[in-house]
Participant: 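First the structure, then my questions, so here it is.
Chain A is the first sequence line, chain B the second, and so forth, proteins listed ahead of strands; every chain is numbered from 1.
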There are 2 protein chains.
Amino acid sequence: MTDRGMGMWIHVDPRSPVPMYQQIVESVKANVAKGILNPGDKLQSVRELSVELAINHNTVAKAYRELERENVIEVIRGRGTFITLQPTAPNAEQRREEMRETIRKLLIEAHHLRMSHEELWQMFHQVMEEWRLSRETEAPESTEEGEKL
Amino acid sequence: MTDRGMGMWIHVDPRSPVPMYQQIVESVKANVAKGILNPGDKLQSVRELSVELAINHNTVAKAYRELERENVIEVIRGRGTFITLQPTAPNAEQRREEMRETIRKLLIEAHHLRMSHEELWQMFHQVMEEWRLSRETEAPESTEEGEKL
DNA sequence: CGTGTGTACCACATGAAGCGGTACACATAG
DNA sequence: CTATGTGTACCGCTTCATGTGGTACACACG
């Protein structure tokens, strides 16, 4: 389900209820987590990406601003945006609590889908295993097209 | 963290980014999953709940409509709304896929918080155990204030 | 009949999201 | 130096979802 050659990139669905700028944020974070984007890699410029996605530059800029706020990317004025070298996620404890809340909502949804805790447990296991495999497959050593920071 | 006596009820934060009608939906589904609301239980009327929450009746009605669409509640015109006796969740397979997607997002978030898969696994275990305990504690046999269906 | 139920409208206000355009400060290459 | 590319900051505007306030209807029940 990749776009071209390497595990390329960002998807945006204008008809999705989730805002496009947030879809960009999630895409970048997903690519980082999968090892497709590595620390130091350069991102497309705001205007480049806005053309690629057929989207307003302000929307892309909003996404980049959010990514910088989360310390996922670093911005160097006049140079471009790069994946953070030594990432430090802010609000760690708060975000862990949000993860727990998400898990609680999964338990609620499981109940309404008549899933036992055992089945939910298996779902966790299955998805984590898929993830582990796709990471080993798609992770490159280095060298995309982008120069490094 | 209950409101009064039994594990009472619905919370709504007008300043939350998540719409109030959806907060109502989540509250009801959570109460059902916890066993605080049981099949056949009667819900507050649209206008009652709108007064309780200091909210417009249309907003409550929207929540009830969504809950009926998900087969969580049953509506009897002129009588009231009741928790479904034999619930059948629609779009089961699609909703299971959404659950998997949620788990994938948890994996992404875990990566950015420098959590190992082991730590995430422990978080799953911990939240599920908390849930199991709170269910055993808060689940009543029957008889709230409401008449049954 | 009168009351309580869910439901269906309507007009309106508010805010987020996105667009289109312009402009500025900075870095780098020429 | 200039020219170009970078992120950023505005402005006005449209669109849409949310929520409000009000009114009205069909139904059930005492």
Participant: Other residues, nucleotides and ligands only: do more than 12 of their heavy atoms fall within 6.0 Å of NE2 on H117(A)?
Facilitator: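 Buried by this count: over 12 neighbours within 6.0 Å.
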Participant: Using a cut-off of strictly less than 4.0 Å, decide whether K62(B) has a side-chain nitrogen or oxygen near OP1 or OP2 of dT18(D).
Facilitator: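 Looking at the OP1 and OP2 atoms of dT18(D), one of them is under 4.0 Å from a side-chain N or O of K62(B).
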Participant: Hey, are K29(A) and E26(A) close enough for a salt bridge, meaning a charged N less than 4.0 Å from a carboxylate O?
Facilitator: no
Participant: To the nearest angstrom, how far is L49(A) atom CG from dC19(C) atom P?
Facilitator: 12 Å
Participant: Just how large is the angle between the end axes of the helix from dC1(C)-dG30(D) to dG30(C)-dC1(D), five pairs per end, to 10 degrees?
Facilitator: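 Answer for the end axes of this duplex: 10°.
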Participant: To the side chain of R77(A), which of dT28(C), dC26(C), dG19(D) is closest?
Facilitator: dC26(C)
Participant: Please say whether more than 12 non-hydrogen atoms of neighbouring residues, nucleotides or ligands are located less than 6.0 Å from CD in E93(B).
Facilitator: yes
Participant: Any carboxylate oxygen within less than 4.0 angstrom of a Lys/Arg side-chain nitrogen, looking at E68(A) and R65(A)?
Facilitator: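 Looking at E68(A) and R65(A), the cut-off is not met.
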Participant: Can you tell me the distance, in whole Å, between the CD1 atom of I76(B) and the P atom of dT7(C)?
Facilitator: 12 Å
Participant: Can you tell me the distance, in whole Å, between the CZ atom of R69(B) and the C1' atom of dT7(C)?
Facilitator: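 Result: 17 Å.
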Participant: Find the distance Q44(A):CD to dG5(D):P and express it as a whole number of Å.
Facilitator: 16 Å
Participant: Name the closest nucleotide to the Y64(A) side chain, picking from dG18(C), dT7(C), dG7(D).
Facilitator: dG7(D)
Participant: Among the nucleotides dT28(C), dG7(D), dG19(D), which one has an atom lying closest to any side-chain atom of V46(A)?
Facilitator: dG7(D)
Participant: Y21(B): what forms a ring pair (Phe, Tyr, Trp, His ring centres under 6.0 Å) with it, not counting sequence neighbours?
Facilitator: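 In terms of ring pair (Phe, Tyr, Trp, His ring centres under 6.0 Å), with neighbours along the sequence ignored, Y21(B) is linked to no residue.
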Participant: Below the 4.0 Å mark, does dT18(D) have OP1 or OP2 next to a side-chain nitrogen or oxygen of Y21(B)?
Facilitator: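 Y21(B) to dT18(D) OP1/OP2: side-chain N or O found under 4.0 Å.
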Participant: Side chain of A61(A): nearest nucleotide among dT8(D), dT18(D), dA17(C)?
Facilitator: dT8(D)
Participant: Identify whether the distance between the nearest side-chain nitrogen and carboxylate oxygen of E98(B) and R95(B) falls below 4.0 Å.
Facilitator: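 No, E98(B) and R95(B) are not salt-bridged.
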Participant: Would you classify E68(A) as touching base, sugar-phosphate or nothing, given that sugar-phosphate means primed atoms plus P, OP1 and OP2, and contacts are heavy atoms under 4.0 Å?
Facilitator: sugar-phosphate
Participant: Counting side-chain heavy atoms from C-beta on, which of dA8(C), dT8(D), dA26(D) comes nearest to N58(B)?
Facilitator: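 From the listed options, dA8(C) comes nearest.
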Participant: Tell me whether the OP1 or OP2 atom of dT20(D) has a side-chain N or O from T59(B) closer than 4.0 Å.
Facilitator: yes
Participant: Heavy atoms from C-beta onward define the side chain here; which of dA8(C), dC26(C), dG20(C) lies closest to that of N56(A)?
Facilitator: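 When the side chain of N56(A) is considered, dG20(C) is the closest of dA8(C), dC26(C), dG20(C).
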Participant: How long is the line joining CD of E66(A) and P of dG18(C), in whole Å?
Facilitator: 13 Å
Participant: Which nucleotide wins on minimum distance to the side chain of S45(B), given the candidates dA27(C), dA17(C), dT5(C)?
Facilitator: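 The nucleotide sitting nearest to the side chain is dT5(C).
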Participant: Do H57(A) and dG21(C) share a donor-acceptor pair, side chain to base, under 3.5 Å?
Facilitator: yes
Participant: Of I55(A) and G78(A), whose nearest nucleotide on DNA chain C comes first from the 5' end?
Facilitator: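 Checking each residue's closest nucleotide, the 5'-ward one belongs to I55(A).
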Participant: Between C1' on dT5(C) and CD1 on I73(B), what's the gap in Å once rounded to a whole number?
Facilitator: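 Interatomic distance, CD1 of I73(B) to C1' of dT5(C): 13 Å.
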Participant: As a quick check of understanding, evaluate side chain to side chain donor-acceptor pair (under 3.5 Å) for E130(B) and Q126(B), giving each step before the final call.
Facilitator: CA-CA 6 Å; E130(B) 283 177 15; Q126(B) 173 196 344; 3.2 Å; yes
Participant: Between atom CZ in F82(A) and atom P in dA27(C), what is the gap in whole Å?
Facilitator: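 The answer, rounded to whole Å, is 13 Å.
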Participant: Measure from CE on M20(B) to P on dT14(C) and round the result to the nearest Å.
Facilitator: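 One finds 15 Å between P of dT14(C) and CE of M20(B), rounded.
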Participant: From C-beta outward on R47(A), which listed nucleotide comes closest to its side chain: dG7(D), dG6(C), dG18(C)?
Facilitator: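 The answer is dG7(D), which lies nearest to the side chain.
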Participant: Describe, in one word, how the ring planes of F124(A) and F124(B) are oriented to each other, choosing from parallel (under 30°), tilted (30 to 60°) and perpendicular (over 60°).
Facilitator: parallel
Participant: Tell me which nucleotide among dA9(D), dG19(D), dG18(C) gets nearest to the side chain of R65(A).
Facilitator: dA9(D)
